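The figures here come from the full heavy-atom set of this structure, side chains too, leaving out hydrogens, waters and symmetry mates. Everything numeric in this text was worked out from a predicted model, so none of it was measured. Throughout, residue positions are numbered sequentially from 1 according to the sequence presented.
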Amino acid sequence: MDNYAKEAKFSSMPLLKSERMYGMGDSIFANTGYGIATWCFLTGGLLAGILSFKLALITAIAGNLIGTLLVAIAVSIISHKYGIDTYTSIGVFFGKIGMKLVFAVFIFLNVGWVIILSSMCARSSNSLITALFDHALSPMVITICTIIAAAIMFFITWRGPAALKIMNRIMVPGLVVCLIIMIVSLITKTTWSDIWNAEPLWPYPDQKINILLSLELNIGAGISWWPGIGALGRLNKTKKSTLWGNMIGLALMPVCVAMLSAASAYTVGSSDPTEWMIPLGGIGFGCLALFFVILANLTSGAYAFYNTCLGLKNYNLFANKKWVFACAVFMVPVIIFSFFQDFMYNNYQLLMNYSAAIFGPMSIIQILDYYYFRKGHIDLRSLYDVTSSSGMRYYGGGNWGGIIILVLATVLYVMILNPATWAYAPCFPYISAFVPSCVFALVAYFIYGKILQKKNIGGFGYGTEYEEAKSAQA
């Protein structure tokens with residue numbers, strides 16, 4: 001059993017509840033370690049640009065709660081119940097071939113996130129060296145430091161969840177203390193009244209547009225946890241620790257960091273912690289805070305690394321190979337694209353905005369499929385059955401109708417709001433982009449799912465059979 005538990009933590013095999021390692025405290029720490037990273041600081045800068053501090057706070061809380069709750073219900077709860085990671089669960093909704101195609105797209109997103117996180121580590125190191133030795137690193141050295149940071153993430157991932165658990169217990173309390181010190185320092189250098197009443201730096205003329213863009217950005221921030229939230233869910237001992245860990249660590253804690261970053265943008269003139277932490281906290285506290293920012297990004301990047309490598313284990317090429325092989329293969333594109341880290345770091349919002357465009361409809365499809373059509377039950381044996389006799393079978397091995405609906409919903413989002421430029425259609429001020437794309441996915445998949453259910457395709461009948469068997473036993 002011990003050998004199985006060890007193997008399951010490094011493969012796509014289901015993890016038994018007796019082998020879970022995160023209680024409530026560790027779940028909050030793990031989610032916070034995953035959640036507090038580069039994007040929180042950079043998101044704060046964008047919010048300061050388009051909204052006042054008050055409205056930025058309201059939309060940040062609302063957007064992150066909505067986005068995180070959606071992915072928690074769609075992915076994390078399911079992963080916890082069955083001990084499967086995010087990408088393995090895609091096989092339920094899109095079929096085995098569909099799972100592999102969808103995951104191939106998400107690999108590129110995770111490569112981007114790992115590079116952005118590694119780049120923040122490199123920039124924080126540059127700020128530390130500049131403050132301590134009055135000597136800045138060259139662009140090439142920063143790129144090399146980015147690759148070194150990614151290599152450290154590789155090592156942590158190779159060691160597995162136990163190493164991440166230890167890092168979180170060190171990093172999270174230290175970073176929280178440093179952030180509190182930064183908040184106090186910020187207030188002493190200005191006033192709370194000045195921060196609370198701060199006005200946007202470069203808003204759009206229409207206030208409604210600013211609010212909607214902020215909501216889209218923050219929903220995207222919450223939704224962007226979709227790729228890794230299942231890997232965390234399967235490690236939790238209870239459903240309560242899974243859900244509360246998500247909501248505290250991935251929704252509320254990142255908002256606190258984003259608002260600190262926004263406050264610094266209003267008052268200090270920069271939202272990038274590599275630029276304002278030392279001027280704000282002084283050499284001592286500033287360097288210490290940057291050190292913990294480096295640890296936070298290493299931890300968050302390691303989680304992105306870990307859940308991606310778990311997904312790779314669904315492919316035949318990786319299924320029977322050692323864990324280090326999957327880690328090494330994922331490291332290759334990370335190293336290659338690290339030489340473009342400056343471009344990716346400065347355009348991080350593309351990943352955030354496209355996350356809302358893709359993962360919003362994806363979550364709606366998963367929620368409808370699992371809770372309505374399957375009645376909250378999955379035939380785990382059929383999920384891992386690769387033969388044609390599997391009860392969870394689709395024509396051609398993929399739920400192509402579901403994939404087409406996802407693609408169309410994503411295109412609808414992009415047509416209403418361009419994630420790259422924030423250019424929007426005339427209807428955007430009235431309906432947003434997130435709502436119509438999700439409504440389309442909901443209606444289209446409901447109709448399509450009824451067809452699948454009627455033809456008994458995809459294992460939709462298992463939930464009904466399970467409920468009937470349970471009632472008969474009672």
Side-chain angles (χ1 to χ4, degrees), residues 9-11 30 33-39 41-42 85 106-130 132 136-172 174-175 227-228 231-232 273-274 287 290-313 317-318 321-346 348 351:
K9 290 171 185 174
F10 297 97
S11 74
Y34 185 33
I36 296 182
T38 303
W39 42 75
F41 296 101
L42 300 181
D85 66 283
F106 296 155
I107 288 177
F108 291 100
L109 293 176
N110 280 356
V111 167
W113 283 127
V114 169
I115 292 171
I116 290 171
L117 291 164
S118 300
S119 179
M120 174 69 87
C121 291
R123 290 161 190 261
S124 298
S125 300
N126 182 44
S127 295
L128 277 173
I129 293 173
T130 301
L132 295 174
L137 301 177
S138 68
M140 179 53 68
V141 174
I142 291 177
T143 298
I144 293 173
C145 288
T146 300
I147 296 175
I148 292 174
I152 296 174
M153 296 173 190
F154 166 88
F155 177 78
I156 298 170
T157 303
W158 172 58
R159 298 300 299 172
L164 286 164
K165 182 177 179 178
I166 294 172
M167 280 198 66
N168 286 325
R169 289 182 174 182
I170 298 172
M171 181 277 295
V172 173
L175 182 60
L232 289 172
T274 65
C287 288
L290 280 175
F291 172 74
F292 279 105
V293 167
I294 293 172
L295 287 184
N297 282 286
L298 289 175
T299 303
S300 188
Y303 273 117
F305 223 114
Y306 174 70
N307 64 63
T308 306
C309 292
L310 280 180
L312 287 174
K313 297 291 280 185
L317 177 63
F318 300 93
K321 296 290 196 307
K322 292 185 177 180
W323 176 245
V324 68
F325 178 73
C327 297
V329 169
F330 181 64
M331 186 67 181
V332 173
V334 170
I335 292 175
I336 293 173
F337 286 100
S338 289
F339 290 94
F340 307 96
Q341 56 86 22
D342 192 58
F343 170 81
M344 302 184 76
Y345 184 87
N346 292 327
Y348 96 103
L351 293 180

Nearest-0.5 Å distance, [atom1] of residue [X] to [atom2] of residue [Y]:
X: I156; Y: Y303; atom1: CD1; atom2: OH; answer: 10.0 Å
X: I115; Y: W113; atom1: CD1; atom2: CH2; answer: 12.0 Å
X: I144; Y: M140; atom1: CD1; atom2: CE; answer: 6.5 Å
X: F343; Y: F340; atom1: CZ; atom2: CZ; answer: 10.0 Å
X: C327; Y: M153; atom1: SG; atom2: CE; answer: 13.5 Å
X: S338; Y: I148; atom1: OG; atom2: CD1; answer: 11.0 Å

Centroid-centroid distance, Y306 to W323, less than 6.0 Å: yes
Close side-chain approach of [X] and [Y], heavy atoms under 4.5 Å:
X: N168; Y: M171; result: yes
X: I36; Y: N297; result: no
X: N110; Y: N307; result: yes
X: V329; Y: K321; result: no
X: S125; Y: I294; result: yes
X: L298; Y: C121; result: yes
X: Q341; Y: I142; result: yes
X: T299; Y: Y34; result: no

For V334 against A150, the heavy-atom pair lying closest together: CG1-CB, 3.7 Å
Aromatic ring pairing F325/F318, orientation class (parallel under 30°, perpendicular over 60°, tilted between): tilted
Whether F154 and F305 hold their rings parallel, tilted or perpendicular, with breakpoints at 30° and 60°: perpendicular
Side-chain (N126) to main-chain (L137) donor-acceptor, under 3.5 angstrom: yes
Flag, side chain of S118 to backbone of V114, donor-acceptor distance under 3.5 Å: yes
All pairs passing salt bridge (charged side-chain N to carboxylate O under 4.0 Å, His left out) where residues 324-346 contributes a residue, at least two apart: R123-D342
Test side chain to side chain contact (heavy atoms under 4.5 Å, CB included) applied to V111 and F330, step by step: CA-CA 8 Å; V111 167; F330 181 64; 3.5 Å; yes
